[in-house]
Amino acid sequence: MKNLDTKTSINWLKYASPKTFYPLAGKLIPWCVIGAVGLIVYGLYIGLFVAPTDFQQGEGYRIIFVHVPAAWFSMFLYLLMAMYAGLGLVLNARLSYMMATAIAPTGAMFTLVALVTGSLWGKPMWGAWWVWDARLTSELILLFLYIGYFSLQAAIDDKNRADKASAVLALVGAINVPIIYFSVKWWNTLHQGASVSLMKAPAMATVMLKGMLVMAIGFWLYSIAVILIRVRCEILERDSKAAMFNLGL
Amino acid sequence: MGFLASNHVLIADNLVGVRGERLLFEKLNFELSNGTVLYLQGANGTGKTTLLRTICGLSKPYAGVVNWCGEDINSLAEEYFKHVLYIGHLPGIKEDLTALENLKFSLALSGKAISANQATEVLNMLGLAKGLNLPTRMLSQGQKRRVALARLWLQELPLWVLDEPFTALDVNATSLLKQKIEAFANEGGIIVMTTHQEVTLNVPKFEQLRLDA
Amino acid sequence: MGFLASNHVLIADNLVGVRGERLLFEKLNFELSNGTVLYLQGANGTGKTTLLRTICGLSKPYAGVVNWCGEDINSLAEEYFKHVLYIGHLPGIKEDLTALENLKFSLALSGKAISANQATEVLNMLGLAKGLNLPTRMLSQGQKRRVALARLWLQELPLWVLDEPFTALDVNATSLLKQKIEAFANEGGIIVMTTHQEVTLNVPKFEQLRLDA
Amino acid sequence: MPKTKLTQELGTFSVLYRILARDIKVALRRQSDVTAVFFFFIIAASLFPLGSGADPKLLSAMAPSVLWVTALLSCMLSLSRMYSSDYADGTLEQIMLSNQPTVLIVLMKILAHWVLSGLPLVFVAPLIGLQFNLSSAELQILAVSLLMGTLALSLIGSIGAALTLGIRGTGVLIAILVLPLYIPVLVFGAGAVNAASIGMSPNGALSLLGAVLAMALVFAPLASAAALKIALE
Amino acid sequence: MPKTKLTQELGTFSVLYRILARDIKVALRRQSDVTAVFFFFIIAASLFPLGSGADPKLLSAMAPSVLWVTALLSCMLSLSRMYSSDYADGTLEQIMLSNQPTVLIVLMKILAHWVLSGLPLVFVAPLIGLQFNLSSAELQILAVSLLMGTLALSLIGSIGAALTLGIRGTGVLIAILVLPLYIPVLVFGAGAVNAASIGMSPNGALSLLGAVLAMALVFAPLASAAALKIALE
Ligand code: HEM
Ligand SMILES: Nc1ncnc2c1ncn2[C@@H]1O[C@H](COP(=O)(O)OP(=O)(O)OP(=O)(O)O)[C@@H](O)[C@H]1O
Ligand SMILES: Nc1ncnc2c1ncn2[C@@H]1O[C@H](COP(=O)(O)OP(=O)(O)OP(=O)(O)O)[C@@H](O)[C@H]1O
Ligand SMILES: [Mg+2]
Ligand SMILES: [Mg+2]
């Protein structure tokens, strides 16, 4: 029985798959950035100049081209984050946790964008910045879920534990998303009505749909770029810390 | 003691221990059979507590496997806990309950019932006769430790994992505990322990493992 | 060390200690002058901690008076605290702060400022070099104790009250602490301490007081 | 050293019973714990009339949301106690090393929490409701919705309590983690009372509340057990 | 062993400054502590509309009491943190053994608590007020009343925090001790906003609030210091 502890430094990049991921991500990022900028500019062009003025809502409705894709991504990114968190727990894969951690800020940002654009739009449409309608409320809860995720991660300074604990929270929150979503039926729904009447104008629908889709793909590419950048930073930070400790600093 | 009659083996297989981002021990291997005391040594912060918690399944090793009687403790899960008694830095007693209540609850957790008489006898033997009806909050540091240690006399489990068990004990209690450890090993129990005090134990197999920074 | 040059006397005058409804010690008298180590002995629960806390003014005695240089410590109040350094069962460090920040804050509490260099030097000497930038939560049991004890090297106060200072320390740290205690007493400091470990201290005056149940 | 067996084996059920009984015993021993949630509810609910002047119409319109939110906050306040003392004194380590499935043990601890902090509210809330001029139909629905709702709150809250274990300043952090998850319970619980107060059937809201409760019963103990294991690592 | 003096003397002011700075530093280090009170306020205030359906008239009538009660509860939730961590790790013993007057040290700790948990509310509350459709005059008075009120809450709360030190399950017990003492603050604070909303002058209520604050400034540190001494005995 012998302690073979010779203190050869752990190669962190070898233990977690980040090693291969890091350069790959580096190559992807520039393409995503270019695509994102191009599509968002094109989408805004369609939204601001190509789409005709709405005869009911005037020019204000153009905010829809930011609002709707942002709202979609706020929810989509949460589910994605929960998925990565779950994978992390099952496979105990560091990279998965890092992905989840990196997605959260972008998701929260889109949530905030949807909320802000929504209430900017709400003032002329409903005469109030905010109403307690199911759609709006569910979006607000989503923001709180993101905030909870950050807060928990910030409060635990053992990285390993922070990863796992916040992953559990993300998963639990994901169960909650559909519950909140279906509560729409049981509530006063100012938001739905407005959107439906808008979508009835048939001439506009195709242009609008095109604009929103272009914006959505642009947001998607943007998200990928930002998330990859964040993961790369995270890998570097964790790696340099590991190196620092092994040098006995 | 019937529960010590069969053969038990605890094997550490290439254990790697990491806390935070720091490597504590690497490629640790050992095999402990009936009657062995493994005495962990090492300066403060070298990973003794971490290793003990890994052995009893509270922490997962960064790499490597702990085996109990040929099976990975991870897959044994609760089955493994039927065999391990762990006493760590923290006493694991409720300050609002009396020594007796605490002892009975500890035993219940491992699925054992015990008569009040028998429990009282052990507590008296440990010099706690006077404090039996006090909430343990009112006991001194050393008395609390004695309450926590009382389980060693009653919980019939074949593997003990003890983190600095002599802390805060006076001379008298120290010698009682030492005798108990020796008796247990002589009957075939396995013990993994650490302490910064000098110990000489009269046991069948005494192995030392030094963790170093 | 200038602060040890003048004469100090600590006198216990007919101290009676009671916890709950239990008499712990009665009519305790002693007088400690420069260079004395008073070593409290006694089994678990005999009232050592209670006596130490009484001496440094955290608990009030049931009867009797503690005198510092001729004055009742009760009437001296904060004035007395300028002279006492107490290290109890609890480490007294913030787990969210680093060792360095903790040390600087402890000193600030007794009205002292210290340079980061000097503090770092002491912490390094105590073997904490590696953990200087970690929150102390991440330190091991023994490392936390070392951070708490670092004040002994920096806080220039003439009376030390130490409750089991050797707990959780490894051999190396124990000998460092022993040396420091000896140096302090030799220069004229007064120490009241307890420990369950054997100690032999090479000091001008070594007195023992046994509390018994 | 006697060679006979010192102890008898206990079945799973007896072990679980002892865990429940111990938690309740500890809480009763420091009575303050039990009475505290109770009084917090009463005092906090009484703050609202103080803050809003004394318009009886406004009061009874506010009542469902105020009573439900207050009940929710009182349950939440006592969450940090759920595991923290067991964690601080090392009992939790011993619990995890028990030979019983952790999920069941966790369920017992949640039940104990509910018995001590949720259940009492079911009985006082109607009394406070009287002060807000609620009708007897509303009071009844209030009690029923709280009976189901507080159990769901204890279950969901347990996840937050387990996740924040050993973190300082836990009280507020738990609140942030748990409040968004509490929202469906609040919406359906208060919704049932609101429905009753405008003369509609509260059954829809109540059955949704039941669905939330069922989900929580299945998932919360699992998630809490996982979180506890992580906390102890 | 160097024979020169290792340390320099610090004046009372520098010691006090260091105590304040340390508390804030510890809190900032775990950012969660600072952000937490803040978010609790936001989330809890948003619960009320959820419980009450979406009638905008009812909402703006409820707003002053809801916002003030929520602010009060958020301050209260963070109280248990004020001394407990210092107590648990032994720092408090060292603080009591400091050569500075305990009352001043206590005052610093209270100030730190206010800066970290009361002050931020003064800035968010008006934003939340917007969600409840409050007018700008009401929002202004809300901010002013919270500025004075939260300081009073920290001062008074400190007494409760000190009294309950070392008692498990503190959160709820503090609440019970402190809520009755908070009532005058609430009544005058929310009263000022209510006055503004019906177009009356809020000055009377505000000056009463000022009087409560002055009293608290004088007595609360004394009472807290005494309570701390007792807790440590
Ligand atoms: C703060 C206020 C608002 C929030 C939080 C918000 C939130 C959302 C969310 C989450 C979605 C995505 C829903 C889905 O894809 O099913 C959405 C879509 C949409 N919103 Fe908003 N919204 C707000 C205000 C408004 C306003 C004022 C209008 C216009 C009157 C509006 C019109 C729409 C439309 C047309 C859609 C897309 C069509 C649909 O899926 O129904 N929103 N909003
Ligand atoms: N809060 C309390 N209320 C009542 N009795 C108490 C309280 N705290 C301690 N005691 C009793 O006082 C006695 C002395 O306790 P103390 O902590 O001073 O012992 P000690 O000599 O330091 O023991 P140890 O060596 O175990 O640290 C003990 O018997 C204990 O039961
Ligand atoms: N939560 C944590 N995060 C990061 N590092 C940690 C954590 N807990 C402990 N460590 C580090 O792990 C190392 C080993 O700690 P451990 O408690 O196992 O030491 P030990 O050998 O038991 O020491 P002692 O003799 O002082 O009890 C220490 O250097 C400590 O700094
Ligand atoms: Mg250790
Ligand atoms: Mg003691």
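In what follows, chains are A, B, ... by sequence order, proteins preceding strands, each numbered from 1. FYI, side chains are in, hydrogens and waters are out, and symmetry mates aren't considered; it's all heavy atoms of this structure.
- The candidate from D/I43, D/I42, D/V193 with the greatest count of non-hydrogen atom pairs under 4.5 Å with chain E is D/I43.
- Rounding to the nearest 0.5 Å places CG of D/L73 at 9.0 Å from CE of E/M76.
- Partners of E/A223 under the side-chain contact (heavy atoms from CB on, under 4.5 Å) rule, at least two apart in sequence or in another chain, are E/I159.
- Only the side chain of D/L72 comes within contact range of chain E, with at least one heavy atom under 4.5 Å from a heavy atom of that chain.
- Interface summary for chain E: among D/A61, D/S65, D/A190, the most heavy-atom pairs under 4.5 angstrom belong to D/S65.
- Taking both residues in full, the closest heavy atoms of E/L50 and D/I183 are given as CD1-CG2, 3.6 Å, listed atom of the first, atom of the second, then distance.
- Note that OG of E/S46 and CG of D/L179 are 9.5 Å apart. Values are rounded to the nearest 0.5 Å.
- For D/L186 against E/L47, the heavy-atom pair with the smallest separation is CD2-O, 3.5 Å.
- Taken from CZ in E/F48 to OG1 in D/T70, the straight-line distance is 6.0 Å, to the nearest 0.5 Å.
- Note that CD1 of E/I176 and CZ of D/F38 are 10.5 Å apart. Values are rounded to the nearest 0.5 Å.
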